[in-house]
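Comments concern the structure below.
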Amino acid sequence: MKYSKVIFLLLTSATLFSCRKPKPLDISIPQRKDEIVLSATMTDGNTLLVSAGYSIEAITNVSDETTNSTVPKNMLIDSGIVTLTPAGGESITLNKLSAGLYGNRNMHLREGQQYTLRIKDLRKGIEATATTILMPQPGRCIVTPSYEGVRAGDTLYRLQISVPEAQKGAYYFASYTTARQLRQNIKLLSQTAAQNLSAFTNFEPKQVELLQSNTDGQFEHSFSLRVATTDTLIVQVARIDEGYYKYLQAYKRTGYLINQLTGEPINLPTNVQTGYGYFALSKPYRYVFDMHKVK
């Protein structure tokens with residue numbers, strides 16, 4: 001819910017109750033304890049990015065000044081330590097890339113290895129941890145887009161995904177975006193050092209298609225998507241664990257309205273201790289298509 005809607009509802013409720021003129025009451029509203037919201041992604045085999053911050057409190061510290069222009073400064077973890085530790089191994093420290101974003105390009109992680117992510121906010125003294133296993137990279141998938149036609153003014157393509165040597169019951173995801181969306185998101189997030197609230201509310205996330213193999217051996221799946229003929233399509237396919245699959249299922253049911261840094265992920269599964277979000281590690285395959293060449 002946008003701040004303006006929250007404020008409108010609060011003011012409307014106050015107006016309705018004022019008409020009844022009840023006896024004034026002193027009500028103490030307990031404030032929820034701050035807890036970290038995190039997410040992570042591997043952009044290639046050796047690069048790990050982690051976002052870390054706090055969800056926006058709907059009824060605390062809300063003012064016209066902050067809601068119309070910038071995200072509250074205490075929403076992003078600006079002074080933190082983020083480490084990744086393999087079971088029985090030494091911790092690897094991620095570098096701060098910007099407020100709320102940490103990464104490392106030299107993560108030589110092993111498939112099937114258990115890793116623990118630890119985030120500590122040095123200013124607030126708050127810490128969150130999560131443990132997961134790096135899922136094995138599937139065999140080289142075959143991804144083929146084909147032109148479907150125009151419907152209701154939208155250009156439609158069908159994306160065919162073939163996963164070789166799949167295991168029955170294995171989970172996968174296919175995420176896709178376009179070069180246009182990426183340019184727009186980069187432009188938005190670069191405004192005022194990534195603290196412009198409109199950048200987050202207008203951010204267009206990658207779309208996610210969830211797949212589950214129903215057979216041993218080659219597994220195939222196809223779906224339609226809207227892409228302009230002049231755009232570039234970027235697709236990633238990766239194998240994921242059951243917990244992350246269920247998290248993404250719940251995430252999709254929200255209609256992508258819950259952003260990891262601007263919304264409270266209520267009712268979403270989590271594997272984060274004293275926090276929210278979901279920590280998963282997978283090695284995706286990336287595919288890039290120039291759509292005006294696709295027939």
Side-chain angles (χ1 to χ4, degrees), residues 1 32 35-43 48-56 82 84 86-87 109-119 128-139 141 143 159 161-163 165-177 203-217 219-225 235-286:
M1 179 179 290
R32 186 180 59 78
E35 290 183 298
I36 292 173
V37 180
L38 67 85
S39 65
T41 184
M42 293 191 70
T43 59
L48 176 66
L49 297 175
V50 174
S51 65
Y54 299 95
S55 58
I56 294 176
V82 179
L84 186 72
L109 308 184
R110 290 167 37 201
E111 296 180 0
Q113 174 75 53
Q114 178 177 285
Y115 292 92
T116 297
L117 179 70
R118 175 170 282 101
I119 299 174
T129 61
T131 299
T132 193
I133 293 176
L134 174 58
M135 295 300 293
Q137 193 172 35
C141 305
V143 179
L159 195 67
I161 299 175
S162 178
V163 182
E165 302 177 358
Q167 297 177 354
K168 186 175 182 179
Y171 300 97
Y172 303 87
F173 80 80
S175 68
Y176 59 94
T177 187
F203 182 86
E204 186 174 359
K206 293 184 296 185
Q207 303 298 303
V208 176
E209 186 78 7
L210 298 175
L211 322 175
Q212 183 177 6
S213 175
N214 54 10
T215 183
D216 288 319
F219 166 65
E220 296 187 351
H221 181 82
S222 67
F223 57 95
S224 293
L225 63 157
V235 180
Q236 291 190 99
V237 181
R239 183 175 174 180
I240 57 178
D241 61 35
E242 183 179 7
Y244 192 44
Y245 181 88
K246 291 180 178 179
Y247 173 83
L248 291 175
Q249 271 188 325
Y251 177 77
K252 287 190 68 174
R253 284 197 295 269
T254 68
Y256 297 103
L257 293 178
I258 298 179
N259 182 280
Q260 286 295 316
L261 288 179
T262 60
E264 180 67 52
I266 297 174
N267 297 327
L268 293 183
T270 181
N271 64 348
V272 181
Q273 298 296 318
T274 64
Y276 298 101
Y278 201 97
F279 174 50
L281 291 176
S282 59
K283 289 185 176 181
Y285 281 116
R286 183 181 294 107

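As a basis for the values below, the full set of heavy atoms in this structure was taken, side chains included, without hydrogen atoms, waters or symmetry mates.
Summarising the geometry, atom OG belonging to Ser282 is positioned 11.0 Å from atom CZ belonging to Arg239; distances are rounded to the nearest 0.5 Å. To the nearest 0.5 Å, atom CE of residue Met135 and atom OH of residue Tyr171 are 10.0 Å apart. To the nearest 0.5 Å, the span separating CG on Leu84 from CD1 on Ile119 amounts to 10.5 Å. The distance from the OH atom of Tyr247 to the CG atom of Leu268 is 5.5 Å, given to the nearest 0.5 Å. Rounding to the nearest 0.5 Å places CG of Leu117 at 8.0 Å from CG of Leu281. Leu248 contributes atom CG, which lies 11.5 Å from atom CD of Glu209 (distance to the nearest 0.5 angstrom).
The side-chain heavy atoms of Asp216 and Gln167, taken from C-beta on, include a pair separated by under 4.5 Å. Between Leu159 and Phe223, some side-chain heavy-atom pair lies under the 4.5 Å cut-off.
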inquiry  = If you apply the rule side-chain contact (heavy atoms from CB on, under 4.5 Å), what do you find for Ile36 with Tyr54, and how did you get there?
reply    = CA-CA 5 Å; Ile36 292 173; Tyr54 299 95; 3.9 Å; yes
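Under a 3.5 Å cut-off, the side chain of Gln114 and the backbone N or O of Thr131 do not form any donor-acceptor pair. Checking side-chain atoms of Asn271 against main-chain N and O of Ala130 turns up no donor-acceptor pair under 3.5 Å. A distance-only check finds a donor-acceptor pair linking the side chain of Tyr115 to the backbone of Arg110 [under 3.5 Å].
Contact detail for Tyr244 and Asp241: the closest heavy-atom pair is N-OD1, 2.7 Å. Residues Gln113 and Ala87 come closest through the heavy atom pair NE2-N, 3.3 Å. The two residues Tyr276 and Glu35 come nearest to each other via the heavy atoms OH-OE1, 3.4 Å.
Annotation: side-chain contact (heavy atoms from CB on, under 4.5 Å) contacts of Gln273 (sequence neighbours excluded): Thr129. Annotation: salt bridge (Lys or Arg N to Asp or Glu O under 4.0 Å) contacts of Glu242 (sequence neighbours excluded): Lys246. Here Ser222 pairs with Arg158 under the side chain to side chain donor-acceptor pair (under 3.5 Å) rule; sequence neighbours left out. Take Lys168 and apply the salt bridge (Lys or Arg N to Asp or Glu O under 4.0 Å) test, not counting sequence neighbours, and it matches no residue. The side-chain contact (heavy atoms from CB on, under 4.5 Å) search around Ala166 returns Val163, Tyr172, Ser213, Phe219, not counting sequence neighbours. Here Arg286 pairs with nothing under the salt bridge (Lys or Arg N to Asp or Glu O under 4.0 Å) rule; sequence neighbours left out. By the ring-ring contact (aromatic ring centres under 6.0 Å, His included) test, Tyr285 is found to be paired with no residue, residues two or more places apart in sequence or in another chain being considered. For Thr270, the side-chain contact (heavy atoms from CB on, under 4.5 Å) criterion is met by Val272, not counting sequence neighbours. The side chain to side chain donor-acceptor pair (under 3.5 Å) check on Thr132 picks up nothing, with sequence neighbours excluded.
Annotation: Glu220, atom CD; neighbour count of heavy atoms from other residues, nucleotides and ligands within 6.0 Å is above 12.
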